[in-house]
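Beneath this line is the structure, given in structure tokens, with notes to follow.
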Amino acid sequence: MKRKISFTLNGSPVVVETDAARRAVDVLREDLGLTGTKEGCGSGECGACSILVDDVVKLSCIMTAAQLEGRRIVTIEGVGQDGELHPVQRSFVERGAIQCGFCTPGMVIAAVGFLKENPDPTREEIRAGLSGNICRCTGYEKIIDAVEDAAAKLRGGGSGG
Amino acid sequence: MREDGRHFLQGPRLDAFSKVTGRERYAADEYPGEFLWAGAKRAFVPHARLLAVHTDRAAAHPGVVRVLTSLDIAGSNRLGIVRNHQPVLVDETIRHAGDAVALVVAESRETLREALELVTFDHEPLPGVFDPEQALKEGVPRIHGDNEEGNLMRAVRVRRGDPDGAFRGCDVVVEGVFETPRQEHACLETEAGWARVDEAGVLVVVASTQTPYRDRKEIAAALGLDVNRVRVIAPYLGGAFGGKDGITVQCLVGLAALSAGGVSVKMWWDRRESFLASMKRLPARMHYRLGAKKDGTFEALSCRLYYDAGPYAGLAGEIMAMGVEHAGSAYRIPNVNIEGYCVYTNNALGGPFRGFGVPQSTAGMEQVVDMAAEKLGMDPLELRRVNALGTGDRNCVGVELKYSTGFSECVDRLADHPLWKEREAWKASAPPWKKRGCGVGCMAHAIGYPALIPDEANARVELTESGTIRVYSGVSDMGQGNAGTYLRIAGEILNQDPATMEVIQPDTDHGLPSGTSSASRTTYTFGNAVIRAARSLKEVILRSGARCLEVEDIDSLELVPGAVRIKGSGRKAALRDVAALIDAVDRSCKGYFRTPYDESTLGIMYLGAHVLFSFGAHLARIEVDTLTGRIDVVDYVAVTDAGRVLNRAQYDQQVQGSIAQGIGYALMEDYVMKDGRHETGDLATYIIPTSLDVPDMVSIAVETDETTGPFGMKGIGEVVISGCVPAIANAFHDACGVRITRVPLTPERVLSALAGQGGKE
């Protein structure tokens, strides 16, 4: 059954009319054209579809459209502001954390969410914090470098090297 | 700024910005206006005669546009590269569980899913063949009735010297049987694409593919189209690693589009379908025997390699041949008998995967080398150094190495590393219930295609009307970053900032045929072609610049970012103005390159051999939990000779990513099949490394200067992965004193190996 679902998307209010049981990832990609949110497994195992729901990292492939109602949603398209990259995005670029890039949006979202909870993490904490996001290209080392670097940037420690 | 001559080769990847913002559009990301969804009905039986397909109920389902079967295909309905025998839609025989028997085209994905359930088919089960060695025996059912050699797809044998006599003269002979598993690529982007018939009647296929030019021919033949009526476009891929080296969705989505009246049709396999229907790394069983003199000199190698191809040829025979060619790793061995067998089974499709047959045979060879070291009482790296291939030596199949060969230096650098030299102290300080071990593994990897297959690239570099530089890529970028590297190479030659330049992804309408994104060739082969094209364009630009600036001698001019300048003077002409003086056709220059080959190797083996190689030497330090059987890779060192490093970050991306896949291959990845059924369905049951499974890695580059390579480089994409299984397996033996000959080294296998040791625990 189609229903009107209202939520905040990347800072702006949106209303979509859709079947409440549809997957959130499909609403974002197909109805709203936000294809930055990827689907890698469809069953909550890879993290490619990660979005922020009220600042918390959630997997949009195992969320329904109804679960978006009234929430503050941030996708990769809304992570940066005013055309500027978010510090996490900047670090991913600078530290070579991107290869094929298909895991990247989910990985960036996961890192943004993780750093909100733990602004000064150790490498081991970063490893654990991102372990729900699979990357098949990089071997993770440069991703962890990037998150470490972004943490320093966000804490105001300059460029973080 | 350019004293080192490398300024424009360095810097972050040029595709990083669009990817990190989510703006890059992969094949899966296109929702082309009004469009339809296509989906395949999979067989789920491994071997059967197809008697009838019932499509009526599905076709009557609201929202279903068409249901297609093999009867709707006007062409050969056969795919293949060497042998054309894989049906797009099964017409007679189902040969593996992932074969497609029908294709449904529907208005929505939900409808598609419902309709696929409504398609049924009648079949008569046939006995299946699942073990490659058994498959070769008399009386076993044949998978292809017309194959003269039963289930043997291809055999490759290389014999040099007098192996039998040499073994008799050896002081030490070691042998073992080693097995490597079926490995799934598990790219984050599953197979995806869309197609439509355009206004001119051309079938346009946009797909996540490593091989647009080869696909174009296969699509045309299978669907019965003139090749000029097929256009293939390959946007950035969301990973591939060999898994998209060939047809996945292309023919299915093309077939659907042919019956959709100009409407676009999209296909995107979900993870379960991807696992079921996609190619895997060929599992292998390898019988190895190595003989050496007391001083460690290798005298003789004998091996038999069995590769499980699955039901169709694809590139499986060529993969096995690469395994044969690299069966002796990176050592001088004068007497060899190497036999490789690629065998049809009713298991999953076998196909290319980073390493292309080499990780398998290297796993066998590098373990018997360690066994020989133990028996000889020699340091394992010293034994490797004694036998290391150098320039002028002949490799195991007899090819003389005439190009850069930095293998000895790789071994020396590894032997000098503190993580090797201080290993005994580290091992001795293992915590309770843990055992520690340190192992090595070495490897070689050929660059490009074997001698018989021309390894060619055709680059096109253009000065646009607006004075910017555009590079037409002919080789897909599956994530390795070659597209951006082409810009950097052209920028280096033309002295233009790559950030101001544009790369056009492979499109059979605009680019030039340049082969596949595979074989560690993408930067080596196409990069060389880009250099040549850019040099030609440079001359065109300077000549036009001379007219602009009214000077006679083009040697008095130089290219600077955005302009042509008179050397030593401030006078310059903007590239926009320079471009205006050149005819459109002359603003675009082509460059051709063919990778070195040696015709005399054609007699050695099937397709001939390679002449150019990258090399490496690896070390793994592991910790084995004797209570749980879990292995942790604690440290990893990869020393690599892939020639000069063009861009350090991208080089290390290849090294680190390969190690992660290699750790998965060694410790956890096993695509399990039982009687042709896929027991491994998804990423919950097929475990690949996460950030918790891969340590920080040490990557050391031995920068030989490969004079045939672009700026001295050789391929880095594949060589590294072959070292991981042997380094880790040898480390396990070092830790526990027992060898597990079958990877992955899962906790179950570790615990049963440790239990078998009795009182030694």
Report summary line: Assert top hit (heavy-atom pairs under 4.5 Å, partner chain A, pool B/E110, B/M697, B/E30, B/M478) equals B/M697
Query raised in the report: Quick one: what part of B/D696 sits under 4.5 Å from any heavy atom of chain A, side chain, backbone, both or neither?
Result: both
Query raised in the report: Of all of B/Q480, B/R25, B/H185, which one pairs up most often with chain A through heavy atoms under 4.5 Å apart?
Result: B/H185
Report summary line: Smallest heavy-atom separation, B/W268 atom then A/F102 atom, equals CZ2-CZ, 4.4 Å
Report summary line: Honestly, the part of A/L34 sitting under 4.5 Å from a heavy atom of chain B is neither
**Report entry** Sidechain-backbone polar pair: B/Y31 side chain, A/T35 backbone, donor-acceptor under 3.5 Å
**Finding:** no
Query raised in the report: Relative to chain B, which of A/T138, A/T75, A/T37, A/V88 shows the most heavy atom pairs under 4.5 Å?
Result: A/T138
Query raised in the report: Among A/H86, A/Q89, A/Q99, which has the most heavy-atom pairs under 4.5 Å with chain B?
Result: A/Q99
Query raised in the report: What closest approach, in Å, do A/A48 and B/L188 show between heavy atoms, and which atom pair accounts for it?
Result: CB-CD1, 3.9 Å
Query raised in the report: Below 4.5 Å, heavy atoms only, C-beta onward: do B/K19 and A/P105 meet side chain to side chain?
Result: no
Requested in this report: May I ask you to name which of A/R22, A/E77, A/E124, A/K38 has the most heavy-atom pairs under 4.5 Å with chain B?
Outcome: A/K38
Query - Contact winner vs chain A - B/Q661, B/R109, B/Q653, heavy-atom pairs under 4.5 Å - result: B/Q653
Requested in this report: Considering only heavy atoms and a distance below 4.5 Å, find which of B/I688, B/V655, B/D693 pairs most often with chain A.
Outcome: B/I688
Query - B/R271/A/E45 ion pair, N-O < 4.0 Å - result: no
Requested in this report: Could you go through the salt bridge (charged side-chain N to carboxylate O under 4.0 Å, His left out) check for A/R136 and B/E669 one step at a time?
Outcome: CA-CA 13 Å; A/R136 192 55 157 164; B/E669 295 185 35; 2.7 Å; yes
Report task. Using atom types as modelled and distance alone, determine if a side-chain donor or acceptor of A/R127 lies under 3.5 Å from a backbone N or O of B/V694. Result -> yes
Query raised in the report: Just wondering, more than 12 heavy atoms not from A/E117 lying within 6.0 Å of its CD?
Result: no
Query raised in the report: Taking atom CE of A/M107 and atom OG of B/S691, what is their separation to the nearest 0.5 Å?
Result: 7.0 Å
Query - Whether over 12 other heavy atoms sit under 6.0 Å from A/E84 CD - result: no
Query raised in the report: Checking heavy atoms, do the side chain of A/Y140, its backbone, both or neither come under 4.5 Å from chain B?
Result: side chain
**Report entry** Minimal non-hydrogen separation, B/L683 against A/C46, with atom names
**Finding:** CD1-CB, 4.1 Å
Query - B/I659 portion near chain A, given a 4.5 angstrom heavy-atom threshold - result: neither
Query raised in the report: A/R29, A/E39, A/R123, A/E30: which one forms the most heavy-atom pairs within less than 4.5 Å of chain B?
Result: A/R29
Query raised in the report: Relative to chain B, which segment of A/S131 carries a heavy atom at a distance below 4.5 Å: side chain, backbone, both, or neither?
Result: both
**Report entry** Residue selection (most heavy-atom pairs with chain A, distance under 4.5 Å) from B/D477, B/T21, B/D29
**Finding:** B/D29
Query raised in the report: To the nearest 0.5 Å, what is the distance between OH (B/Y686) and SG (A/C41)?
Result: 15.5 Å
**Report entry** Residue part contacting chain B, namely of A/D26, when any heavy atom lies under 4.5 Å
**Finding:** side chain
Report summary line: Nearest heavy-atom contact between A/C100 and B/G238 is SG-C, 3.3 Å
Query - Beyond-backbone contact of B/D652 with A/K142, side-chain heavy atoms, under 4.5 angstrom - result: yes
Query raised in the report: By a 4.5 Å heavy-atom criterion (distance strictly below it), what part of A/V108 contacts chain B: side chain, backbone, both, or neither?
Result: side chain
Requested in this report: Heavy-atom distances under 4.5 Å only: say whether B/E24 touches chain A with side chain, backbone, both or neither.
Outcome: backbone
Query raised in the report: With chain A, which of B/Q654, B/R23, B/E189 has the greatest number of heavy-atom pairs at distances under 4.5 Å?
Result: B/E189
